[in-house]
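Down below is the structure, laid out as structure tokens.
So that the names make sense, note that chain A is the first sequence line, chain B the second, and so on, each numbered from 1.
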2 protein chains.
Amino acid sequence: MELHQLRYFCAVAETGSFSRAAEHSHVSQPSLSQQIMKLEDELGARLFDRLGRSVRLTDLGKTFLPRARAVLRELEAARGDVVERKDSISGLITVGVIPTVAPYFLPSRLTSFSRKFPQAEITVVEEITPVLLERLRASTIDVAILALPIRGHEFETTPLLTERLFAALPKNHKLAKRRSLSLKDLRSEPFLLLRDGHCFRDTAVAACDRARLHPQVIFESGQFSSLLSMVGAGMGVSIVPEMAIEKKSHCRYVHISDEQATRTIGMAVLRGRSLTRAHHAFLAHLRAT
Amino acid sequence: MELHQLRYFCAVAETGSFSRAAEHSHVSQPSLSQQIMKLEDELGARLFDRLGRSVRLTDLGKTFLPRARAVLRELEAARGDVVERKDSISGLITVGVIPTVAPYFLPSRLTSFSRKFPQAEITVVEEITPVLLERLRASTIDVAILALPIRGHEFETTPLLTERLFAALPKNHKLAKRRSLSLKDLRSEPFLLLRDGHCFRDTAVAACDRARLHPQVIFESGQFSSLLSMVGAGMGVSIVPEMAIEKKSHCRYVHISDEQATRTIGMAVLRGRSLTRAHHAFLAHLRAT
DNA sequence: TACGATGGATAGGCATAGCCTATGGAGCTC
DNA sequence: GAGCTCCATAGGCTATGCCTATCCATCGTA
């Protein structure tokens, strides 16, 4: 049983004639006859009565007609569904983001994207980098926003922005008035850093390593705002990326002038995954803003 | 878009692998790959992500999967419907019958058939012969029960029974005690006959013609029972087939011994029409009883 | 790091199947 | 009965789906 046989069958049922059905189907009449006969053979029953002049559905043909039409209708629905979806900017986009970026970077971009493409629905997942990478592999998120670089050639990454790092100091700290400082200047300070697992902790520690500084960590937290409150209370100093600076806190922020004291935010997708137009639109939107 | 492509697609979606899907579908892996690619080309979109080791549905593939399954499900429903119906003694049988046969011949046969094949539904249409023939041509009835012979080689006829003709006489008629009579004996009698259009009128008149008798018709009706009541009342004589004899009436029935004074009941179907098993069962039942 | 195993893509050959034209035969019309 | 219509049959062609062999990338393992 093949689709063209069903089409021919419906055409004959509609036109009441093999010849007209053939014309209608853009095939020769013998070809159509042959396919109808083949269909009848396979079903083991006649679908049409050939009555000299005219052709008429048998009782069995009458019951088969709506079923054949149902098959073809489903087929067209399937095709239509695909061609409609593949070109529309719609559907679900699941984006993963690390906690040290999420609150600062995403909100404005999400709202502008949703305004632009109201058909697209976005879900955000906040996780640390290794979790995001695992979820990219499993395709439970479509794109991850995190700090570059990352390990693993199965991902395709695009840098979005590079930001400077700042020292967060208590208001009355001796270095608080400086325009910039070097990490070495913080040698004797107690440090407040993010908890292990957060990649920005590694970024900060790596920067200290390069400055041959081995910070004495007296407090750890999962979010910058906790660190900054403690810094404001005079407990010690911290290192934050530019986007984490809170104007209204009791801290002072001084640019760290060390070479490579930066953080690069980028996005990553699983290499080889095919993305919908909505996905591409979202990636383009991130690149542009 | 072809059915085997949809089957392959579903197989890959279910097994998560081209190779296993190919094995499962009893084709080689390259053949299956080729057909999937062809399907994707036609739809203009990827249905699977080939991620080195594993294969996974794209978002679009996920939406396409239930649609593809729906097509195949409809197809199997269509096939199942046909194979189920073609072999079962069920469905609607519409039988046409002439009025001078209907009440005498059909009832017992219909009940016995229905008892034998309760799945089959029978509708009876009572019409005069030319109407029945026209309805056979139009396939609004499946089989006709009528008096043979009929004109027209587009019908296939089968005789069922031949019955004798009887003269219906008033109880006190001078011929009423005879074992048999000849039509010529009725030369001077007033006749009561069926209305024009009823084929038995033609049968009776033809018999009279052969006996060189030109009956004076004083009453016409559409049914035998009316005629017989009038005969019982002494208005005249009539000719009836054996099956129309009413024991309880005030008539006497005397066998007409003329050559060819008979009526043959038979059935007719449209030549070339394909009949269901239910139809064949009904025809066989009529032949057998 | 190198190797074999696994899994999908590619290449090329083959056979089937669907299509074509030409023709036959039955039924209807004039 | 001649011509027309319409479906079936016959025979040849080509496309397409299938095959085997092979390639290439990835993954697990020594």
**Request:** Decide whether A/Thr203 and A/Arg263 meet the rule of one side-chain donor and one side-chain acceptor closer than 3.5 Å.
**Result:** no
**Asked** Do other residues, nucleotides or ligands put more than 12 heavy atoms under 6.0 Å from the NE2 atom of B/His285?
**Response** yes
**Request:** Using only side-chain N and O atoms of B/Ser17, determine if any of them is under 4.0 Å from OP1 or OP2 of C/dG8.
**Result:** yes
**Request:** Name the residue closer to the 5' end of DNA chain C, choosing between A/Glu2 and B/Ser19 according to the nucleotide with the nearest heavy atom.
**Result:** B/Ser19
**Prompt:** D/dA8 C1' sits how many Å from A/Arg46 CZ, rounded?
**Reply:** 11 Å
**Message:** Looking at B/Glu121 and B/Ser90, would you say the former's side chain and the latter's main chain have a donor-acceptor pair under 3.5 Å?
**Reply:** no
**Message:** Just the rounded figure in Å: distance from P of D/dG17 to CZ of B/Arg7.
**Reply:** 13 Å
**Asked** So, B/Thr262 versus B/Thr162: side-chain donor-acceptor pair below 3.5 Å or not?
**Response** no
**Message:** In this structure, is the centre-to-centre distance between the rings of B/Phe117 and B/Phe282 below 6.0 Å?
**Reply:** no
**Prompt:** Over how many whole Å does the gap from A/Glu42 atom CD to C/dA17 atom P extend?
**Reply:** 12 Å
**Asked** Quick one: which of C/dG18, D/dC18, D/dT20 gets closest to the side chain of A/Gln35?
**Response** C/dG18
**Item:** B/Glu14 with B/Arg69: basic N within carboxylate O range, under 4.0 Å
**Value:** yes
**Complete:** Among the nucleotides D/dC7, C/dG7, D/dA8, whichever has the atom closest to the side chain of B/Arg20 is C/dG7
**Request:** Classify the nucleic acid contact of A/Tyr8 as base, sugar-phosphate or nothing, counting any heavy atom under 4.0 Å across all strands shown.
**Result:** sugar-phosphate
**Request:** Let me know the distance between CD of A/Glu23 and P of D/dC6, rounded to the nearest Å.
**Result:** 10 Å
**Request:** Measure the distance from CD on A/Glu154 to P on D/dG28 and round it to the nearest whole Å.
**Result:** 11 Å
**Message:** With a 4.0 Å limit, can you tell me whether A/Ser28 has a side-chain N or O closer than that to the phosphate oxygens OP1/OP2 of C/dC19?
**Reply:** no
**Prompt:** Got a donor-acceptor pair under 3.5 Å from the side chain of A/Gln29 to the base of D/dA8?
**Reply:** yes
**Prompt:** Between A/Ser31 and C/dC20, does any side-chain N or O lie under 4.0 Å from OP1 or OP2?
**Reply:** yes
**Request:** Would you tell me if any nitrogen or oxygen in the side chain of B/Ser33 comes within less than 4.0 Å of OP1 or OP2 on C/dG8?
**Result:** no
**Item:** Listed nucleotide nearest any side-chain atom of B/Arg50, set C/dA9, C/dT21, C/dG7
**Value:** C/dA9
**Prompt:** Among the nucleotides D/dA10, C/dA9, C/dG18, which one has an atom lying closest to any side-chain atom of B/Phe18?
**Reply:** C/dA9
**Request:** For B/Gln5 and D/dC18, give me the distance from atom CD to atom C1', rounded to whole Å.
**Result:** 14 Å
**Prompt:** Quick one: which of C/dG18, D/dG17, D/dA8 gets closest to the side chain of B/His4?
**Reply:** D/dG17
**Asked** For A/Arg137 and D/dT26, what is the distance between atoms CZ and P respectively, to the nearest whole Å?
**Response** 14 Å
**Fill in**
Result for 5'-nearest mapping on DNA chain D, choosing between B/Gln34 and A/Met37, is A/Met37
**Prompt:** Roughly, in whole Å, what's the span from NE2 in A/His26 to C1' in C/dG18?
**Reply:** 17 Å
